[in-house]
Amino acid sequence: MKIACIGGGPAGLYFAISMKLRDPAHEIEVFERNAPGVTFGWGVVFSDQTVENLERNDPNSARIIGSEFAHWDDIDVHIKGECIRSSGHGFIGIGRKRLLEILQDRARELGVTLRFNAECDPADAKWQGYDLVIAADGANSRFRDAHADAFQVDIDVRSNKFVWLGTSKVFEAFTFAFEETQHGWIWAHAYRFAPDCSTFIVECSEQTWRSFGFDKMSQDESIAACEKLFARYIDGHALESNATHLVGSAAWLNFRRIKCDNWAVGNTILLGDAAHTAHFSIGSGTKLALEDAIKLAEVLNRHGLSRDAALFEYQAERNLEVLKLQNSARNSTEWFETLHRYLHFEPLQFAYSLLTRSQRISHENLRLRDREWLEGVERWFWKRATEGCSNKTAPPMFAPFKLREMRLENRITVSPMAMYSAVDGVPNDFHFVHYGERALGGAGLIFTEMTCVSPEGRISPGCTGMWNGDQLLEWKRIVDFVHAHSKAKICLQLGHSGSKGSTRLGWDGNDVPLEEGNWPVMAASGVPWSPVNQVPVPMTRADMDRVRDEFVAAVKMGVEAGFDMVELHAAHGYLLSGFLTPLQNNRTDEYGGSLENRLRYPLEVFRAMREAWPKERPMSVRISATDWVGEGGITPDDAVQIAEAFRNEGADLIDVSAGQTSTDAQPVYGRMFQTPFSDKLRNEGRLATMAVGNIYEPDHANSILAAGRADLVALARPHLIDPFWTLRAAAALDYRDIHVPPQYLNGQAQLARNLKRDAEAAAAALKV
Ligand SMILES: Cc1cc2nc3c(=O)[nH]c(=O)nc-3n(C[C@H](O)[C@H](O)[C@H](O)COP(=O)(O)OP(=O)(O)OC[C@H]3O[C@@H](n4cnc5c(N)ncnc54)[C@H](O)[C@@H]3O)c2cc1C
Ligand SMILES: Cc1cc2nc3c(=O)[nH]c(=O)nc-3n(C[C@H](O)[C@H](O)[C@H](O)COP(=O)(O)O)c2cc1C
């Protein structure tokens, strides 16, 4: 094949090498606009995995690259005058210039033609003369942009400013240095990539950048200002730029996240940064470029594959890896963009949050890297959780938590889940066993399902209620069992279905009206949940008074039943959520319009409930922190205000759910997918939160808690299938101080022994 590679960066050069290695008959020319040795940037970092891939692909160049790697293990986080060092991170770095020299030499050796000082124009007819044109021309690819529609390019320009500098100061550890200044926070990411040289990337928010006046400075002035700001880290060494062709503030960039739905159009194929970028804070852009190059060369030379089939395979096989990395990179990018959230953390927790920011590194992963450090974090966590009374080294999920006078044994909760099994709202034997069993299973707090304050307020005929004495007695039987036989506390979730009422049992069709016997529904406005649901009657002030009083009556029964806590359900599109979201509330009175107005009735209900509920017992509110509809719906910023408003009325905890408020919602599912909202509300609103949503591993819970993303962690579906989730986690983590019902002690001990033996056997097998 006759191939033109546009761009002599890592992607273009390594593709040329990989093709020649597979078939020396390919004719390959690499066109690079710069002269040899002229390039942007300083060092790049790799993981061990990337090195293994390079060794398999071309042992020759991998050996030379490997012999020049700078290795380091430690990460130092400098903040508020402290340096937090953790170990075991295993980085490898090399200078970008040196990497390119090695790849250029290897390409020449294999017969690739390198053409420097060759600016390429996508409109040039000569590209038609090549079988393939590889657009390896970087993030600002002209070849991609010439066919932006066909490649379906999506570019997201991020908000922070950064400048990529270098220095002769040799950093012993990968260093993050955060500095508070009169203009705001500014920080550096620094690492050594050669015996005498380090990368030094300076980053800050756009606001800080302008406030410093960087937008009006020349490059030399910017560098001088950074040298002054970071003087105590660089020990008199200079900071340097090698983007000297850029004038004024142009050396400062905004990171551009690029993705493309199509990677090949006609004979042009995107490779490396031209196809996708990954934020520099996870250091994987070069890895992706090199691995793209290997894969593309491999499929193009795969026996029996046509060119089109090969190109299809190339994208199909690389896309998943790229998406995973871009996902982690987005988390990391956002962490730096929302730094203000974490600045109130103590330095140790701040460092933990930084290390786990991309969600690729978890609590247990940190234990493998640096056990001693992680145990220090655990001790710190327990000390805070017990107001200094405990020095225990144990996973955060088992640390106690106090809300008013209620002390939880641990941080795991059974999330509210409708069981659709009541008759006339009365809980029965099913509920007794269901809640009893989950209390025995070790969770610190059990939520009841949404328990409705009136017959019309039910979602379905199977919902539990709290409006009469029979219900009260049955709930009391459950609460008494929980208190007598477990250490769990139990919270009554109270709600009213609003426009989502009068529907079938969950398993007969979610939100689908009853076949017969429907009752009229009411809501903030006459907006039906969906075209098949009833049009609700907009509530009058008299309706509002009545429903508020029903909530209060239910709370009083909750006191009599002995519940430890009450939660107001103001999420998921039910009655109160229907007041909060503009998608369901089009009232023109003081309960509609602005967020302040939409909050008025839910707050009134909450206030009345709080007055009826004992002062020493806590209350929570469940909210949907986003409507998942973008413009026009509740946004996470609105949710901070909503959470603060309830907190100001005496809510002790915000149960942070999301969505289910509109049939137009476009939720983004995934592992721990709603935790970012909890993180935002907790750390911007400075209030206690509970995270929920596809959290299913003990490791998830520990990572969320230690990183200060929530105070409690709720699991719903995992508890449906495994009431003993918490006891199982304790056995897996060899945590022995958890309360186990005496009847079950033998089982717990045996499970712990077996899991430990299995883990040891797996570790031994790995060593072999
Ligand atoms: C601040 C910063 C820090 C980074 N840190 C890391 C890191 O630590 N680890 C890591 O793996 N990655 C890192 N990266 C990302 C990394 O630099 C890129 O992902 C990587 O260089 C991609 O390789 P590439 O070959 O696709 O593109 P590039 O390296 O951008 O190469 C493209 C080449 O094409 C040439 N070119 C462009 N247009 C034309 C044209 N029209 N004609 C001829 N030639 C042209 C350019 O001169 C350039 O040499 C960082 C990026 C930034 C911005
Ligand atoms: C069967 C079932 C019933 C549910 N019922 C309720 C409910 O009554 N009240 C409520 O607030 N959330 C309810 N939810 C939502 C859960 O509490 C939880 O937020 C959601 O399932 C996401 O958590 P998970 O991924 O751990 O399952 C229910 C979820 C399920 C699966």
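By convention here, the first residue in the shown sequence is residue 1.
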Less than 4.0 angstrom from a charged side-chain N to a carboxylate O is my criterion; do [X] and [Y] meet it?
{"X": "R504", "Y": "D511", "value": "no"}
{"X": "R607", "Y": "E649", "value": "yes"}
{"X": "R546", "Y": "D543", "value": "yes"}
{"X": "R600", "Y": "E590", "value": "no"}
{"X": "R384", "Y": "E346", "value": "yes"}
{"X": "R158", "Y": "E337", "value": "yes"}

What orientation do [X] and [Y] show, parallel under 30°, tilted 30 to 60°, or perpendicular over 60°?
{"X": "F579", "Y": "Y591", "value": "perpendicular"}
{"X": "H572", "Y": "H569", "value": "perpendicular"}
{"X": "Y352", "Y": "H363", "value": "tilted"}

* Asked: Can you name the residues that form a ring-ring contact (aromatic ring centres under 6.0 Å, His included) with H431, not counting sequence neighbours?
  ->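 H431: no ring-ring contact (aromatic ring centres under 6.0 Å, His included) contacts found.
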* Which residues satisfy the ring-ring contact (aromatic ring centres under 6.0 Å, His included) test with W529, sequence neighbours excluded? ->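 Once residues adjacent in sequence are excluded, W529 has no partner under the ring-ring contact (aromatic ring centres under 6.0 Å, His included) criterion.
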* With R709, the side chain to side chain donor-acceptor pair (under 3.5 Å) member among T356, D679, T675 ->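 That would be D679; it is the only one of T356, D679, T675 passing the side chain to side chain donor-acceptor pair (under 3.5 Å) with R709.
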* Counterpart residues, salt bridge (charged side-chain N to carboxylate O under 4.0 Å, His left out), relative to D261 (two or more places apart) -> none
* Structure fact -> Residues passing the salt bridge (charged side-chain N to carboxylate O under 4.0 Å, His left out) test with K556, sequence neighbours excluded, are none
* More than 12 heavy atoms of other groups within 6.0 Å of Q152 CD ->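 Correct, the count exceeds 12.
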* Sorted by first residue and then second, give each ring-ring contact (aromatic ring centres under 6.0 Å, His included) pair with at least one member in residues 530-550; sequence neighbours left out. =>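 As it turns out, there is no ring-ring contact (aromatic ring centres under 6.0 Å, His included) pair with a partner in residues 530-550 once direct neighbours are skipped.
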* Sorted by first residue and then second, give each salt bridge (Lys or Arg N to Asp or Glu O under 4.0 Å) pair with at least one member in residues 420-438; sequence neighbours left out. =>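 Only D429-R477 qualify under salt bridge (Lys or Arg N to Asp or Glu O under 4.0 Å).
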* Criterion side-chain contact (heavy atoms from CB on, under 4.5 Å) against V692, the qualifying member of D655, V656, T413 ->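 In the set D655, V656, T413, the residue that makes a side-chain contact (heavy atoms from CB on, under 4.5 Å) with V692 is D655.
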* Identified ring-ring contact (aromatic ring centres under 6.0 Å, His included) partner of F350 from the options W185, W335, Y342 -> W335
